Participant: 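Sharing a structure with you now.
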Amino acid sequence: MSVLKDTATVNEEDANLLVLIIDTNPIVWRKSNFSLKEALRHILVFINAHLALKHDNDVAIIASHVGVSKFLYPIPMTHENSDKTIFPNMYQKFRVIDEKVIANMSALFEDVDTPNNYPDKASSMMAGALSMALCYINRITKADEIGHVKSRILIISVSPDSPYQYISIMNCIFSAQKLCIPIDVCKVYGSDTPVFLQQASHITGGKYLKLEMPQGLLQFLMIAFLPDRYNKKYLCLPGEERVDFGAACFCHKKIIDVGYVCSVCLSIFCRPLDECSTCRTRLTLTSVRQNGRVI
Amino acid sequence: MTKIINSNEELIDIDDEAQNANQQIGYAWEEEYKRSWDVLQEDEDGGLKHTVEHLQSRKRKRLERDTSIIKRGIIRHMFLIIDLSEAMLEKDLRPSRLDLTLSYAEQFILEFFDQNPISQLGVIVSKSGVAEKLMGLTGNPMDNINVLKKKNIDTDGEPSLQNALEMARSSLIHVPAHGSREILIIMGSLTSCDPGDINETIDNLVSENIRVSIVGLAAEVQICKLMCKKTKGTYGVVLNEAHFKDLLFEIIPPPPVSIVKSKSELVVMGFPRGVNESMPSLCACHSKPVSGGYICARCNSKICDLPTDCPICELTLVSSPHLARSYHHLFPVANFEEVPWSSAFTTHCYSCQMPFQTQPQVVKGRSNNVTSIDSSGRYNCPKCKKHFCIECDTFIHEVIHNCPGCLSTSENST
Amino acid sequence: MPTVIVAHFKTNIYEYLEALQKSTLDKLYEEPATCLAIFRLLPSLARQLVMSLLFSTQIMSKADLRQWIKNDKESLSKFEEALDKLQKLHIMIEQENKTIALNSSFKQKFQECLTGGGTHQSFGKLYNKPHRHSQSNSHKLPDIKTLDEHAKTKWEEILHFMVGTDRMNSPGASVLKVVTKANLMREKEGKGLEITNKGFQFLLQDVNTQVWAFLIQYLDLASEMLHMNVVEVLNFFFMLGSLELGQDYSVEGLTDTQRQLLDDLTNYGLIYRPKKSSKRYYPTRLATTLTSGNSAIVSNSSSNNPTDDDDSATEQGFIIVETNYKLYAYTSSQLQISVLNLFCNLQFQFSNMVTAELTRESVRKALKHGITASQIISYLTSHAHPQMKKRPALLPSTVVDQIQLWEMELNRLVITNSYLYKEFRTFADYEVVLKHANTLGVVVWSSDSKKMIGITEAGHERVKAFIKRKIVQRRSNGGDTTSSAGGTPAR
Amino acid sequence: MVKAVKGTIVKCDPAVKQVILSLDKKEKVIIEDLDDNHLLIDTSRVDYIKKEVEKLLEENTYKSELDKAPN
C-alpha cells in the first residue's frame with residue numbers, strides 16, 4: 001500500500017495539483033442560458049489563477065463528454081511541437097495551457113459521431129473522467145517521492161447523474177477517500193437529484209455548491225474553489241451543510257428510511273421479495289434479530 | 001523467455017515487496033545471507049532497467065486474481081482471537097511478536113471494515129489458561145481498535161484455545177444465518193491449556209458452520225491444521241514480518257459462499273437521517289451530549305456514528321455509501337492482458353497519459369538486447385482494448401475497481 | 001527544513017520591497033510580470049484574499065473580509081498577518097470610510113496577467129527577426145546545456161573569488177563593489193580582499209538565496225551610485241523570473257537602464273549573450289528560477305514535461321549524511337568541496353564524489369569562524385541528496401543534535417566583568433539594592449542566602465551612587481531607621 | 001558596610017566549576033565561590049582559565065583510536 005503516503009497533512013509549501021473535470025455535455029449546455037464557450041473563458045482565468053498562486057502548482061483538465069471522456073491537458077506530445085510562439089503579453093505557462101485546452105476542446109466538439117450514437121444523451125461520462133483523474137493523480141503522487149504534491153479534484157457539472165454509473169462513481173469516491181483527495185463539485189446547471197456528486201464531495205471532504213447565477217461563475221470559483229487544502233483550514237467557505245444519504249430502493253427509486261437488503265448482492269428494496277431482482281437468489285425474510293427478539 | 005524469468009526468480013530480493021511475492025522462499029533462518037545488490041544485473045548499456053522491469057512484472061503476477069462473478073458472503077461476523085501467552089514475548093519478529101501482532105491487528109481491523117463495512121467484529125484474548133472477551137461483536141472499527149490500545153495488554157502463562165473458541169462460538173451461534181461466522185486466531189504459542197477435549201469443540205464448530213482460520217507465529221501445530229481443515233478455514237505459519245501481514249490480509253476479502261449452506265435472506269436495514277442540532281443532546285450509544293448525529297429510522301434514538309446497530313431497537317443502521325463500498329467485490333474488473341510488441345502501437349497510457357516506450361529497433365549485432373526487454377509495458381483491458389501502464393493496472397485492480405477505458409467510451413458503458 | 005531557506009530568501013526581497021515608498025510600489029505594479037512575482041511572495045492566505053477580491057465588484061469592509069475566516073485563534077492571526085503584509089506592500093488599501101480595496105493599478109494589471117490582455121510586453125519580447133527563418137540551417141540557438149554552463153561558470157567565478165581558490169580570474173569591478181558593500185569581503189591591509197564571517201555564511205546558502213542577496217545589494221548600489229531607476233531594475237528582475245529557459249529574447253523595448261543592466265547580469269551569469277552587442281539575450285536557469293524559490297525544482301520532476309529534463313535536480317542535492325557522521329558528497333565542483341571543507345574533514349576524492357567526515361574538530365573550526373550550527377544544519381538540509389529526502393527526518397537526528405551540542409560546548413563559560421557587592425548589613429539593605437539594580441537591569445547574579453549581588457561593570461557606578469545616597473539618607477534619619485526601612489531586623 | 005569587589009563572574013556548569021576549583025588549588029584565581037553555577041574570579045586570570053579549562057576538557061573528550069591514528 002505504498003499509495004497511502006502522507007497525503008493527509010498539508011503544508012504551506014506544498015505544491016497543489018488541481019484536476020479539473022469539465023462536464024461538456026453539449027445538449028445540456030444548450031439548455032442552460034449560459035454557453036459553454038463563455039463558461040470556458042471563466043474557467044481558463046480560474047486555471048490561470050490557480051497556477052499564479054504558486055510557481056509549482058499544476059493542473060490537469062479532463063472533459064467529461066457525452067459518450068467519451070478525454071484529457072484536454074496534459075496530452076503527451078506525439079511529435080515535437082516546434083511551433084512555440086511566445087506571446088509577450090502573457091505568462092508563458094498560462095498561455096500554453098490555455099491554448100491547448102481550447103484546441104483540444106474544439107477537437108472534441110468536431111467529433112459529433114460519438115455523442116450522436118450514444119444512447120444516454122442526458123448524462124456525461126463522469127465515472128470514466130473520475131477514474132482517469134484518479135489514475136493521473138496516482139501516477140503523480142507516486143512519482144513525487146517526498147509527498148510534496150497535494151492533489152484535489154474539481155468537477156464542473158451540468159448534466160444529471162446517470163444511474164448506470166452509480167457503482168463506478170461510488171468506487172471512484174471511495175478510492176479518492178482512501179487517497180485523501182477531496183472532490184469539489186460546482187454545479188453550474190441542473191437539478192440536485194440524484195445525488196452522486198453530492199455524496200462524492202461529502203465523503204471525500206470536498207465542497208458541493210450550486211451556482212445560482214451562472215454569470216458570476218468566475219467570482220464563485222475564485223472564492224469557493226480556489227483555496228488549496230492548506231488555506232481551507234482557515235477559511236469559512238460556503239456550503240458546509242450535511243448531505244442526506246437517503247437510500248433509494250432499486251425497484252421504484254423511492255427514497256426510503258427502512259429497507260430490505262439482499263444479503264448476497266446488497267440490493268435495496270422497499271418491500272420484501274421472494275427473489276432478488278438483481279442476482280436472482282431466492283430469499284427468505286429474516287424475522288428474528290440477533291438476540292432472539294422478534295420484530 | 002519465461003524460462004529466463006524463472007531462473008532469476010529465487011535470486012530477487014530487492015525489497016519487501018518482491019519478497020512478499022516470492023512465497024516459495026524458506027524460513028528466515030534458512031535463508032542464505034544475500035546482498036541485494038548481487039541480483040542486480042546490468043544490461044549491455046550498464047543500465048538496470050532490465051532488473052527493474054522484472055520486478056515490476058513480478059508485482060503484477062501477484063495481483064492476478066479471480067475475477068469471475070461469484071457470490072460472496074458480504075455480511076460477516078468474525079471474532080479475532082489474540083494469543084497473549086508468554087510465547088508472544090519472543091523477539092523473532094521485530095520488535096516483538098506481541099507488538100507486531102497488535103499493530104497488524106489494528107491495520108487488519110481498519111482494512112476489514114473498509115472492505116466489509118456492514119460486517120461485525122469482536123476481539124477475544126487468551127492468557128494463563130483463560131479467555132477474555134475484550135469486545136463483543138460490533139460494527140464499529142474504532143471500538144475494537146480502542147480496546148486494543150487502551151487495555152494495557154500484558155502477557156501471562158499459556159493460552160487456552162478451547163476456552164477462547166468456546167467463548168467465540170457461544171457469541172456466534174446467535175448470529176443470523178445470512179451472515180458468515182468466522183474466527184481468526186493469531187497464535188504465538190505452540191501449546192494450549194484446555195479444560196476438556198478440543199476435538200469436541202471442533203466438531204461443534206463444524207456443525208455450526210463456523211470457519212476458523214489461524215495464523216501461527218511459531219511453527220505448524222497439528223491440532224490447528226486439523227481444525228482449519230475441518231472448518232474450511234486457512235492455516236498459515238508466518239515466515240517473516242511481511243508474510244505475517246500477507247497472511248492476515250488474505251482473510252479480508254469476503255469469502256465465497258456456497259449457497260447450499262448459508263441461506264440467502266432479506267435483511268431489514270435502516271438508513272438513518274443525519275441531523276445537526278444547535279443544542280447538544282445525549283446519544284444512545286455513549287450517553288454523551290453531542291450536537292451532530294444520526295436518528296434511527298425506527299425508534300428515533302440518536303446515534304453518533306455509522307455503521308452500527310441501533311442500541312435501542314437493534315436495527316442495523318447503515319448509510320447507502322456503506323453498501324456501495326462492497327459492490328466492487330461483486331463486480332470486479334477483468335484482469336488486464338499483457339500487450340505483445342507486435343500490437344504495441346499506442347504512445348501513452350490511456351488513463352494517466354504516461355508515455356510508453358517505443359519498441360527497440362533491432363540493430364545488427366545487438367540482437368541480445370532486444371530479447372532482454374521482454375515486455376512492452378502495456379496492458380490492455382479485454383473489454384475496451386485500451387492500453388494501460390503497469391502503475392495504472394495495479395491501481396485499477398487494487399484501488400479503483402473501475403476500468404477507465406470501459407467507462408469513458410460509449411461502446412461498453414451500458 | 002529546506003523551507004527555512006526559501007523563507008529566508010523571501011523575507012529578504014520582501015523586506016526590501018516593504019521598505020520602498022508607496023509611490024515606488026505603485027509604479028512597480030504597472031507591470032503584470034512584477035505583479036505576479038510580488039504576488040507569489042505573499043503568504044498563502046494573503047494570496048487567496050487577493051484572488052477573492054480580484055474580480056469582485058463589491059465594496060468590502062474589513063469586517064466583511066473577516067467573515068471568510070474561521071473564528072479561531074490561529075485562523076484570525078493568519079488573517080491579521082496576511083492583511084498586514086498586504087497593506088505594507090500597498091496591495092490592499094484601507095480607505096477612510098473603512099472599506100478595503102485592492103490597489104487599482106495592481107488590480108488592473110494583475111487581472112491582465114491572468115486574462116492575457118494588454119500590450120505591456122512584460123513577459124519578455126521574443127527575438128523573432130531574421131534568425132527565426134534561418135533557425136533550421138546554420139544559426140543555432142544556444143542549448144540549455146550551454147546556458148547552464150555559462151551560469152555556472154560565471155556564478156562560481158564569484159564564489160571562487162570569495163573562497164580564494166581562484167585568484168587568477170578576478171571578476172568584474174561591479175562584482176567587487178557589491179561584495180565589499182555587502183560586507184562579504186573586506187580589505188586586507190595591502191593584500192586585496194579577504195572573506196569575512198558573513199561571507200562564510202553566505203557560502204552556505206543555496207544559490208537562489210545567494211543570487212537574491214547579491215541582487216539586492218546590487219540594487220542598493222545601482223540606486224545610490226549608478227543612479228539607476230529602482231523600479232526599472234526591479235521590473236527587469238521580476239520579468240527575468242517569468243521568462244522561459246532556452247528562449248531568445250529581444251533587447252528591443254528595454255529601457256536604457258535595463259540595457260545597462262544586461263551587461264552586469266551577464267557578468268553574474270543570469271543572462272547569456274552571444275556577443276556583447278547582440279540584439280538578443282538568453283536568460284539562464286539562475287534567472288528563470290528567481291521568483292520560484294528552490295522548491296520549484298523539486299516539483300518540476302513530477303510535472304509532466306517530458307521535454308524538460310531536470311539536470312538541475314542533480315545540482316539541487318548531492319550530500320548524503322550517515323548516522324556515523326560520514327558524509328558523501330556527489331560533486332566534482334571545487335567550489336562545493338571547498339565549502340564542505342569549511343566544516344568537514346575531507347577524506348577521499350573520487351571523480352564524482354568526495355567522502356568527508358563531520359568531526360568535533362572540523363565543526364569547531366567552522367564555529368570559530370562565526371558559522372553557526374544552524375547554518376551548517378540548514379546547508380546540509382538544503383543540499384541533501386534526493387535519496388535522503390525520502391526519509392521522514394531528513395538528517396540523522398544524532399548528527400543534528402551533536403552539531404548543536406558542539407556549538408553549546410564552546411560556550412561553557414559565560415564571562416561577565418562585574419563587581420560583587422557583599423556584606424550588606426541587613427537583609428533589607430540587600431533587598432532594596434537588589435530591587436533597584438533589577439530595575440536598572442544590571443544584575444548578573446544574586447543570592448538571598450549570602451546577601452550578595454553581582455553587578456555588571458556598566459551598572460557599577462549607578463548602583464554605587466544609589467547605595468551612597470541611601471547611606472546618606474540613613475545617616476540623616478538617625479541610627480534606628482535600619483529596622484523601619486525593611487522591617488526585617490538584621491541577623 | 002557594603003563592600004564592592006571587582007572581578008569577573010563566570011557562569012558555568014558544575015563540571016566546569018570543579019575544573020576551575022582544581023586550577024585554584026595550583027594557583028589562586030577564585031575570589032569568591034558564589035554557588036554551584038557561578039564563581040567570582042580574578043579578571044586578569046580569565047584568559048588563563050579559559051585556556052586551561054579548554055585544555056582539560058580536551059583531554060577528557062573521548063576520542064576513538066581511529067581518530068587519533070592520523071594525528
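In what follows, every chain begins at residue 1, and chains take the letters A, B, ... in the order their sequences are listed. The model shown is predicted, which means the values in this text are computed figures rather than measured ones.
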Participant: If you round to the nearest 0.5 Å, how far is OG1 of D:Thr43 from CG of C:Asn417?
Facilitator: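 Result: 5.0 Å between the selected atoms.
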
Participant: Any idea which heavy atoms bring C:Leu413 and D:Cys12 closest together, and the distance?
Facilitator: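 Smallest interatomic distance, heavy atoms only, reads CD2-CB, 3.8 Å.
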
Participant: Which residues pass the ring-ring contact (aromatic ring centres under 6.0 Å, His included) test with C:His385, not counting sequence neighbours?
Facilitator: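 Partners of C:His385 under the ring-ring contact (aromatic ring centres under 6.0 Å, His included) test: C:Tyr330.
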
Participant: D:Val5 vs C:Tyr421, test: side chain to side chain contact (heavy atoms under 4.5 Å, CB included). Steps then yes/no.
Facilitator: CA-CA 6 Å; D:Val5 187; C:Tyr421 285 68; over 6 Å; no

Participant: Taking all non-hydrogen atoms of both residues into account, name the closest pair between C:Ser418 and D:Ile9 and its distance.
Facilitator: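 Minimum heavy-atom contact is OG-CG1, 3.1 Å.
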
Participant: Does a sphere of radius 6.0 Å around CZ in C:Phe350 hold more than 12 heavy atoms from other residues, nucleotides or ligands, not counting ones at 6.0 Å or beyond?
Facilitator: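 Yes, because the 6.0 Å sphere around CZ of C:Phe350 holds more than 12 heavy atoms from other groups.
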
Participant: D:Lys6: which residues meet the salt bridge (Lys or Arg N to Asp or Glu O under 4.0 Å) condition with it, sequence neighbours left out?
Facilitator: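 Per chain and number, D:Lys6 pairs via salt bridge (Lys or Arg N to Asp or Glu O under 4.0 Å) with C:Glu457.
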
Participant: Roughly how far, to the nearest 0.5 Å, is the CG atom of D:Asp35 from the CH2 atom of C:Trp445?
Facilitator: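 Rounded to the nearest 0.5 Å, the CH2-CG separation comes out at 5.5 Å.
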
Participant: How would you list, in number order, the residues of residues 44-52 of chain D that have a heavy atom less than 4.5 Å from chain C?
Facilitator: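 Interface residues of residues 44-52 of chain D: D:Val46, D:Lys50.
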
Participant: Tell me which of these, D:Lys17, D:Lys11, D:Glu54, has more heavy-atom pairs under 4.5 Å with chain C than the rest.
Facilitator: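 Maximum pair count with chain C is reached by D:Lys11.
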
Participant: Check whether C:Thr416 gets within reach of chain D through its side chain, its backbone, both or neither, counting any heavy atom under 4.5 Å.
Facilitator: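 Both backbone and side chain of C:Thr416 come within 4.5 Å of chain D.
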
Participant: I need the contact set between residues 22-34 of chain D and chain C: heavy-atom distance under 4.5 Å, sorted by residue number.
Facilitator: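 From residues 22-34 of chain D, the residues near chain C are D:Glu32, D:Asp33, D:Leu34.
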
Participant: Rounded to the nearest 0.5 Å, how far does NZ of C:Lys422 lie from NZ of D:Lys3?
Facilitator: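 NZ of C:Lys422 is found 6.0 Å from NZ of D:Lys3.
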
